[in-house]
Visitor: 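Questions regarding the structure given below will be posed in turn.
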Amino acid sequence: MIWTLADLGDQTGRTFAVTGATSGLGRETARQLALAGGRVILAGRSPERIASTIEAIHRVAPKAELESLVVDLADLASVRRAAARSVRLGAIDVLINNAGVMATPQQRTADGLDLQMATNHFGPFLLTGLLLPQLVATGSGRVVMVSSAMHHLARSAPLGEPRDASGSYRRWPVYAQTKLANLLMTFELQRRSDSEGIPLQALAAHPGYSATNLLSYGQTMQHGGALASVFDATARATAQSASMGALPTLMAATADLPGGTFCGPSGFRELRGLPKVVTPSRLARNGNAQRALWRLSEQTVGLSWP
C-alpha cells in the first residue's frame, strides 16, 4: 500500500503531540496535522523557537489549535516537568516521538547518559511512560517512534551499562543503536499493550534520506553558522525534501494500520519516495533484545510501566 498526503484525511477533534516540532521533519509533521484540522502540541527545547513555529503554522492555518510544551529530552528532570505540565492539555490521541540528534560527538548529559542515547531513546521512553494516562484516556491512543534506516547497521542492541563512559566512542554506530532502540521499544510496547489489554498502538516510521538540519547539528552542535550551512546545502542538493520525509510519520500516525507497523519510503533502498509498510531488521524483531532493553530503560529512567 502506497500512502500519499491525500490519504491524511480530516483530523479535526484529534490531539497530536510532536516532539522536535520546531525544525525539519517535526515542523513539517506538525504543519500538515494542523492543516488537516488536528490540535497539535508542539514540544521543543526552546520557547522562542516554539513560538516562531506556531506563528509560521498560523500563517498557513490561521484557525489551527496549537499548544506549546517545553522539554529537553536529554534531561530526564526536564522530561518529568514537561509531563507534569502536559496534564492540563488533556487527552492525547497520538504521541509522535520525532526529536533526535544524529552522530554527535561524545557527550554526557546531566544524568550521566550518552547524549545520543538520552535524546533518542531514554528521554522518549520516559516521556511516553509519563504520558500514558493521557494516551489511554482516548480509548485508542497511538505512539509513533521515528527511527531510521540506519538501524540496519546496528550490530548489537544497546544493552550495556548506560552510564559507563569507558572505551572508544564511534558516533555513527552509536546513532545506529539509538535508532534500533526506537524499534525495539515500539515492538515491546505493542506486545505489552496487547498482553495487558491497554488501548494503545505502537508504530514506527523512518524518513529515508531527507533534507533536515539533523546532520549539520550533529557535526557542529550549532543551529546555523558557516559550516552548518554547508552541510544543510549538501543535504538539500542530494536528499528528498522534509515534506516528503515527513510522510512516513504521518502515515504511521493516522493510517488504519495495526500496531507494530513500520513505515518508510517506497523507493530504492528506502532512501526516498512515497511511504509504504517496510520491514525492520532481524535484530529489531528479536524479542529477547526488546525485553532486555525495556528492563534496562525502566531502571535507567526510574519508571516502570505500563
Side-chain angles (χ1 to χ4, degrees), residues 3 5-73 78-79 81-100 123-124 127-128 130-146 200-205 207 210 212-213 241-255 263 275:
W3 191 91
L5 196 57
D7 297 311
L8 180 59
D10 184 8
Q11 299 300 318
T12 301
R14 306 187 75 206
T15 294
F16 301 83
V18 183
T19 67
T22 60
S23 65
L25 301 174
R27 184 167 175 148
E28 182 61 22
T29 299
R31 187 177 77 91
Q32 291 296 346
L33 291 170
L35 284 168
R39 174 181 179 236
V40 185
I41 301 168
L42 296 99
R45 291 181 299 172
S46 165
E48 294 76 19
R49 295 186 70 188
I50 294 174
S52 175
T53 302
I54 289 175
E55 182 180 346
I57 293 176
H58 273 152
R59 284 198 291 269
V60 295
K63 296 182 180 180
E65 188 176 358
L66 305 174
E67 308 282 357
S68 171
L69 184 65
V70 177
V71 59
D72 181 355
L73 290 168
S78 173
V79 174
R81 290 192 297 270
R85 290 193 301 270
S86 76
V87 173
R88 65 178 173 80
L89 300 174
I92 298 171
D93 293 275
V94 183
L95 168 62
I96 300 174
N97 285 308
N98 162 83
L127 181 65
T128 305
L130 293 173
L131 295 185
L132 187 63
Q134 291 166 260
L135 287 160
V136 300
T138 66
S140 57
R142 185 175 291 201
V143 175
V144 176
M145 299 297 301
V146 179
L200 185 75
Q201 286 185 307
L203 295 90
S210 301
T212 71
N213 64 356
S241 66
S243 60
M244 283 294 293
L247 292 182
T249 301
L250 291 166
M251 177 184 178
T254 63
C263 302

Visitor: Using side-chain hydrogen bond (donor to acceptor under 3.5 Å, both in side chains) as the criterion, list what pairs up with S46, not counting sequence neighbours.
Guide: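 S46 satisfies side-chain hydrogen bond (donor to acceptor under 3.5 Å, both in side chains) with E48 once adjacent residues are dropped.
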
Visitor: Of all the heavy-atom pairs spanning A36 and G9, show the shortest one and how long it is.
Guide: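 Scanning both residues completely, I find the closest heavy atoms to be CB-O, 3.5 Å.
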
Visitor: From W3 CH2 over to T254 OG1, what is the distance, rounded to the nearest 0.5 angstrom?
Guide: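 Those atoms lie 4.5 Å apart.
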
Visitor: Ignoring hydrogens and geometry, is there a side-chain-to-backbone donor-acceptor pair from H58 to A64 under 3.5 Å?
Guide: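 Looks like yes, one N/O pair under 3.5 Å.
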
Visitor: Considering residues at least two apart in sequence or located in another chain, which fulfil the side chain to side chain contact (heavy atoms under 4.5 Å, CB included) criterion with A43?
Guide: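 A43: side chain to side chain contact (heavy atoms under 4.5 Å, CB included) contacts with T19, L69, V71.
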
Visitor: Please identify each residue that fulfils side-chain hydrogen bond (donor to acceptor under 3.5 Å, both in side chains) with S68, with sequence neighbours left out.
Guide: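 With sequence neighbours excluded, S68 shows a side-chain hydrogen bond (donor to acceptor under 3.5 Å, both in side chains) to no residue whatsoever.
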
Visitor: Using every non-hydrogen atom in the two residues, find where A252 and A205 come nearest and quote the distance to one decimal.
Guide: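 Taking every non-hydrogen atom into account, CB-CB, 4.2 Å.
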
Visitor: Closest approach of P207 and V146, non-hydrogen atoms and distance?
Guide: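 Shortest heavy-atom separation between P207 and V146 comes out as CD-CG1, 4.4 Å.
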
Visitor: CZ of R81 to CG of L130: how many Å apart, nearest 0.5 Å?
Guide: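 Rounded to the nearest 0.5 Å, the CZ-CG separation comes out at 12.5 Å.
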
Visitor: Report the distance from atom CG of L66 to atom CD of E55, rounding to the nearest 0.5 Å.
Guide: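 The distance works out to 12.0 Å.
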
Visitor: Applying the side-chain contact (heavy atoms from CB on, under 4.5 Å) test to R39, which of D93, L33, L89, T12 qualifies?
Guide: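 Output: one option passes, namely L89.
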
Visitor: If the condition is side chain to side chain contact (heavy atoms under 4.5 Å, CB included), which residues does A253 pass it with, not counting sequence neighbours?
Guide: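 Partners of A253 under the side chain to side chain contact (heavy atoms under 4.5 Å, CB included) test: V94, I96, V144.
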
Visitor: Using the side chain to side chain contact (heavy atoms under 4.5 Å, CB included) criterion, which residues pair with A137? Sequence neighbours excluded.
Guide: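 Only A91 meet the side chain to side chain contact (heavy atoms under 4.5 Å, CB included) criterion with A137.
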
Visitor: What is the minimum heavy-atom distance between N98 and G26, and which atoms define it?
Guide: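 N98 and G26 have their closest heavy atoms at ND2-CA, 3.3 Å.
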
Visitor: Please test V40 against E67 for side chain to side chain contact (heavy atoms under 4.5 Å, CB included), starting from the C-alpha separation and ending with a verdict.
Guide: CA-CA 6 Å; V40 185; E67 308 282 357; over 6 Å; no

Visitor: Could I get the full list of side chain to side chain contact (heavy atoms under 4.5 Å, CB included) partners for T53, not counting sequence neighbours?
Guide: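 Checked T53 against side chain to side chain contact (heavy atoms under 4.5 Å, CB included); matches are T22, R27, L42, I57.
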
Visitor: Among L200, L132, I41, L135, find the residue that satisfies the side-chain contact (heavy atoms from CB on, under 4.5 Å) test when tested with L95.
Guide: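 Per the side-chain contact (heavy atoms from CB on, under 4.5 Å) rule, the option paired with L95 is L135, out of L200, L132, I41, L135.
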
Visitor: N97 and T128: side-chain donor and acceptor closer than 3.5 Å?
Guide: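 Present: a donor and an acceptor within the cut-off.
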
Visitor: Once side-chain hydrogen bond (donor to acceptor under 3.5 Å, both in side chains) is applied, do any residues pair with S78, and if so which ones, sequence neighbours excluded?
Guide: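 With sequence neighbours excluded, S78 shows a side-chain hydrogen bond (donor to acceptor under 3.5 Å, both in side chains) to no residue whatsoever.
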
Visitor: Going by side-chain hydrogen bond (donor to acceptor under 3.5 Å, both in side chains), name the residues that satisfy it together with Q32, two or more places apart in sequence or in a different chain.
Guide: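 Testing Q32 for side-chain hydrogen bond (donor to acceptor under 3.5 Å, both in side chains), a comparison that skips the adjacent residues, returns E28.
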
Visitor: With sequence neighbours left out, what residues match R14 under salt bridge (charged side-chain N to carboxylate O under 4.0 Å, His left out)?
Guide: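 Not a single residue meets the salt bridge (charged side-chain N to carboxylate O under 4.0 Å, His left out) criterion with R14.
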
Visitor: Could you tell me the separation between the OG atom of S210 and the CE atom of M244, rounded to the nearest 0.5 Å?
Guide: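 So the gap between those two atoms works out to 8.5 Å.
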
Visitor: Check A246 against T29 and note the closest heavy-atom contact, atom names and distance.
Guide: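 Answer, listing the atom of A246 first, then T29: CB-OG1, 3.6 Å.
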
Visitor: What residue pairs, at least two apart or across chains, pass side-chain hydrogen bond (donor to acceptor under 3.5 Å, both in side chains) with a residue in residues 132-145?
Guide: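 Passing the test, one end in residues 132-145: S86-Q134, R142-Q201.
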
Visitor: Report the residues that fulfil salt bridge (charged side-chain N to carboxylate O under 4.0 Å, His left out) with R88, sequence neighbours left out, ordered by chain and then residue number.
Guide: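 In terms of salt bridge (charged side-chain N to carboxylate O under 4.0 Å, His left out), with neighbours along the sequence ignored, R88 is linked to no residue.
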
Visitor: Kindly determine whether L73 and V79 satisfy side chain to side chain contact (heavy atoms under 4.5 Å, CB included), including the steps that lead there.
Guide: CA-CA 6 Å; L73 290 168; V79 174; 4.0 Å; yes

